[in-house]
Amino acid sequence: DTGVSQNPRHKITKRGQNVTFRCDPISEHNRLYWYRQTLGQGPEFLTYFQNEAQLEKSRLLSDRFSAERPKGSFSTLEIQRTEQGDSAMYLCASSLYDYPTYNEQFFGPGTRLTVL
Amino acid sequence: TQLLEQSPQFLSIQEGENLTVYCNSSSVFSSLQWYRQEPGEGPVLLVTVVTGGEVKKLKRLTFQFGDARKDSSLHITAAQPGDTGLYLCAGKDTGNQFYFGTGTSLTVIP
């Protein structure tokens, strides 16, 4: 297993277009997280899944954002009608949740989105 | 909203010097993690601390979790150019969210 992978690594789009990012977690991990990171800041939590269920969404996640994890494996994050303020690095992380054992998150390399 | 404040925000030091990075919050966390991130890459986990007052050492890096589990520090001894990067702390609340700090950008000059 090569770790968490994300595609594409870079995306440039025009304002108003829709974009979709994909995250492939570590295969046995049941939890998957999405974060957004802007320059000079730490990552901000967007949402997370346990298996295929989306259990929590941040207030930061506007109606233009939607995430899915249909089979409990890979996940997609779609942004509709992109705005310049959406420009950021979108990070995915996965972990194996096995209560009460604490397991760490492993991050992918991120997708850098630039909205022109 | 960033619940964790890191200081300093930027740090530039000479190779061989020691440094300490602080991560402070008014919130209590069930655990706290430290990551290092290089440009264009995702954060890489360095350590997780769980118990108040816990100290963990990773070669030249020493991590401490505050007694009240609200703050943490990272101390690097004899910094090397390979230590250059963005250092992030992240606290986990009693739920399932991780809150990241504002980050400390470290540059170690050869």
Side-chain angles (χ1 to χ4, degrees), chain A residues 2-6 8-10 21 23-26 30-50 53-61 88-114, chain B residues 1-11 21 23-25 27 29-51 54 56 58 63 65 69 72 74 85-107:
Chain A
T2 56
V4 179
S5 62
Q6 292 187 245
R9 293 292 308 273
H10 303 274
F21 310 140
C23 171
D24 287 90
I26 293 172
N30 52 5
R31 281 199 172 172
L32 187 148
Y33 297 79
W34 284 100
Y35 293 86
R36 180 173 63 192
Q37 185 177 26
T38 52
L39 201 61
Q41 298 292 320
E44 293 177 299
F45 170 82
L46 293 178
T47 187
Y48 90 94
F49 293 83
Q50 181 155 318
Q54 187 173 17
L55 296 187
E56 204 162 335
K57 290 170 62 173
S58 166
R59 289 183 295 251
L60 294 173
L61 213 62
M89 174 80 90
Y90 289 84
L91 292 163
C92 174
S94 71
S95 70
L96 177 62
Y97 179 71
D98 184 17
Y99 184 85
T101 303
Y102 174 79
N103 287 288
E104 304 132 0
Q105 296 182 93
F106 293 87
F107 280 84
T111 294
R112 179 162 296 284
L113 172 66
T114 302
Chain B
T1 303
Q2 297 279 9
L3 300 180
L4 287 158
E5 293 289 334
Q6 287 185 237
S7 62
Q9 187 175 0
F10 298 97
L11 191 55
V21 176
C23 173
N24 295 298
S25 175
S27 302
F29 295 104
S30 61
S31 66
L32 192 137
Q33 299 178 314
W34 282 94
Y35 292 83
R36 188 166 74 95
Q37 185 178 22
E38 299 194 13
E41 299 295 329
V44 175
L45 181 68
L46 297 174
V47 78
T48 300
V49 286
V50 179
T51 307
E54 182 177 4
K56 279 192 174 179
L58 186 66
F63 305 86
F65 201 12
R69 290 184 288 132
S72 181
L74 158 61
L86 179 68
Y87 287 83
L88 295 159
C89 63
K92 182 177 179 296
D93 63 10
T94 53
N96 297 295
Q97 279 201 35
F98 291 86
Y99 298 91
F100 278 82
T102 46
T104 295
S105 180
L106 171 66
T107 302

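All heavy atoms count here, side chains included; hydrogens, waters and symmetry mates do not. Predicted model only: the values in this text are computed from it and were never measured.
Looking at A/Tyr33, the atoms closer than 4.5 Å to chain B (heavy atoms on both sides) all sit in the side chain, from C-beta outward. For a residue to count as touching a neighbouring chain, one of its non-hydrogen atoms must lie under 4.5 Å from one of that chain's; by this rule B/Gln37 touches chain A with the side chain only. Interface remark: A/Gln37 contributes side-chain atoms only to the contact with chain B (heavy atom separation under 4.5 Å).
Taking the ring centroids of B/Phe98 and A/Tyr35, they lie at or beyond the 6.0 Å cut-off.
Contact annotation: the side chain of A/Glu104 never approaches that of B/Tyr35 to less than 4.5 Å [non-hydrogen atoms, C-beta and beyond].
Taking each heavy atom of B/Leu88 and A/Gly42 in turn, the nearest pair found is CD2-CA, 3.7 Å. Pairing each heavy atom of B/Pro43 with each of A/Leu91, the nearest pair is CD-CD1, 3.9 Å.
Of the listed residues B/Ala90, B/Ser30, B/Gly40, the one with more heavy-atom pairs under 4.5 angstrom with chain A than any other is B/Gly40. Comparing A/Arg31, A/His10, A/Gln6, A/Gln50 by heavy-atom pairs within less than 4.5 Å of chain B, the highest count is held by A/Arg31.
Taken to the nearest 0.5 Å, the CD atom of A/Gln41 stands 7.5 Å off from the CD atom of B/Gln9.
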